[in-house]
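A short worksheet on the structure shown next.
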Amino acid sequence: MATENDFLRHRNQQLCEVLRQYQMENFSKYSSVQKAGFKGDGDDTLENTIVDQSFLAPLIIEYEKHLEELTGQLKYYQKQMGEMKLQLENVVKENERSELSRQKLHTQELLSQLEMANEKVVENEKLILEHQEKANRLQRRLSQAEQRAAAASQQLSVITVQRRKAASMMNLENI
């Protein structure tokens with residue numbers, strides 16, 4: 001607020017100075033009453049100046065010039081703001097696209113890793129099935145070997161019993 005007041009005070013001083021210059025240039029045109037108003041105590045306000053229509057015209061013209069300047073600046077800044085807004089929107093869109101691209105790339109990497117993991121699972125399942133089949137074959141062979149061993153043991157027991165009987169009979173015959 002203080003800055004705005006300082007600006008307005010400064011602008012008022014500028015306008016008073018422009019008015020004094022205009023009045024001094026046209027000093028001879030005014031009456032002695034009006035001339036007395038020009039010679040005021042020298043402060044920067046318009047209170048000591050006799051104001052009539054001829055004095056207001058240059059002030060209004062100067063004020064309108066200043067308004068035109070400010071209006072031009074306002075339009076320029078509004079245009080700049082519009083351009084900056086468009087640039088910001090473009091940057092935001094580009095960032096969104098970049099983020100989407102990054103997420104898409106990350107998703108593709110994850111899918112690739114998932115595919116490799118699935119391939120490993122399938123490979124491991126095949127190996128497990130092969131090992132199970134091999135274990136089953138070995139189990140069957142072991143069972144068959146045990147059965148053959150049991151059968152051979154039985155045959156051996158039968159043969160041993162038969163030999164003992166034959167040996168006992170031979171011993172009995174030798175007696």
Side-chain angles (χ1 to χ4, degrees), residues 1-19 44-46 58-175:
M1 187 71 177
T3 307
E4 187 177 327
N5 286 339
D6 291 342
F7 171 76
L8 291 174
R9 190 172 292 116
H10 178 69
R11 190 63 187 152
N12 185 30
Q13 290 171 353
Q14 287 176 335
L15 291 173
C16 286
E17 183 61 33
V18 168
L19 176 62
D44 288 336
T45 63
L46 292 176
L59 283 175
I60 292 171
I61 290 171
E62 195 64 29
Y63 178 75
E64 286 176 352
K65 284 181 188 177
H66 182 67
L67 275 180
E68 286 177 16
E69 285 177 23
L70 291 177
T71 304
Q73 287 178 354
L74 178 64
K75 287 179 182 177
Y76 173 77
Y77 290 133
Q78 286 173 337
K79 181 181 175 186
Q80 292 292 334
M81 287 298 293
E83 290 173 2
M84 291 174 98
K85 186 177 179 181
L86 288 175
Q87 289 175 353
L88 178 63
E89 288 173 0
N90 289 336
V91 167
V92 167
K93 286 178 184 178
E94 184 63 32
N95 284 346
E96 288 172 352
R97 277 185 249 144
S98 295
E99 179 63 20
L100 288 175
S101 296
R102 189 191 64 75
Q103 288 177 354
K104 184 178 179 181
L105 181 62
H106 182 68
T107 302
Q108 288 173 344
E109 290 173 2
L110 290 176
L111 286 175
S112 176
Q113 291 173 1
L114 183 61
E115 287 176 9
M116 288 191 309
N118 282 339
E119 289 173 4
K120 291 255 184 209
V121 166
V122 168
E123 185 178 316
N124 288 339
E125 286 175 349
K126 285 180 182 177
L127 287 174
I128 289 171
L129 286 175
E130 288 175 7
H131 287 297
Q132 284 177 343
E133 289 174 4
K134 190 175 184 178
N136 288 340
R137 281 193 308 268
L138 289 173
Q139 188 64 39
R140 281 192 301 265
R141 288 173 74 187
L142 179 62
S143 294
Q144 290 171 352
E146 287 174 346
Q147 288 172 357
R148 283 192 301 257
S153 177
Q154 258 182 344
Q155 285 178 351
L156 184 59
S157 293
V158 169
I159 292 174
T160 305
V161 170
Q162 287 175 353
R163 272 191 178 175
R164 281 188 193 155
K165 281 185 187 177
S168 300
M169 284 205 191
M170 281 178 68
N171 282 340
L172 285 176
E173 283 179 10
N174 286 339
I175 318 192

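The first residue of the sequence shown is numbered 1, and numbering continues consecutively from there.
Rounded to the nearest 0.5 Å, atoms CG (Asn95) and CZ (Arg102) are 11.5 Å apart. To the nearest 0.5 Å, atom CZ of residue Arg163 and atom CG of residue Leu156 are 8.5 Å apart. Atom CD of residue Gln162 and atom CD of residue Gln155 lie 10.0 Å apart, to the nearest 0.5 angstrom. Within the model, atoms CD of Gln80 and CD of Gln78 stand 11.5 Å from one another, a figure rounded to the nearest 0.5 Å. The distance from atom NE2 of His131 to atom CG of Leu138, rounded to the nearest 0.5 Å, is 11.5 Å. Atoms CG and CG, on Leu105 and Leu100 in that order, are 12.5 Å from each other to the nearest 0.5 Å.
Salt-bridge annotation for Glu94 and Arg97: present, with a side-chain N of the basic residue lying under 4.0 Å from a carboxylate O of the acidic one.
Within the 4.5 Å cutoff, no side-chain heavy atoms of Leu110 are placed close to those of Leu114. Two residues are said to be in side-chain contact when any heavy atoms from C-beta on lie closer than 4.5 Å; Gln14 and Glu17 fail this criterion. In this structure, Asp6 and Arg9 have side chains that are in contact, with non-hydrogen atoms separated by less than 4.5 Å. Side-chain contact between Leu88 and Met84 is absent, with no heavy atoms from C-beta onward closer than 4.5 Å.
Counting non-hydrogen atoms of neighbouring residues, nucleotides and ligands closer than 6.0 angstrom, the CZ atom of Phe7 exceeds 12 such neighbours. In this structure, Gln154 places its CD atom where only 12 or fewer heavy-atom neighbours from other residues, nucleotides or ligands lie under 6.0 Å away.
When every heavy atom of Arg11 is checked against every heavy atom of His66, the shortest pair comes out as NH2-CB, 3.0 Å.
Panel note: side chain Ser112, backbone Gln108; no donor-acceptor pair is recorded below 3.5 Å.
Gln103 and Glu99 share a donor-acceptor pair across their side chains, judged by distance under 3.5 Å alone.
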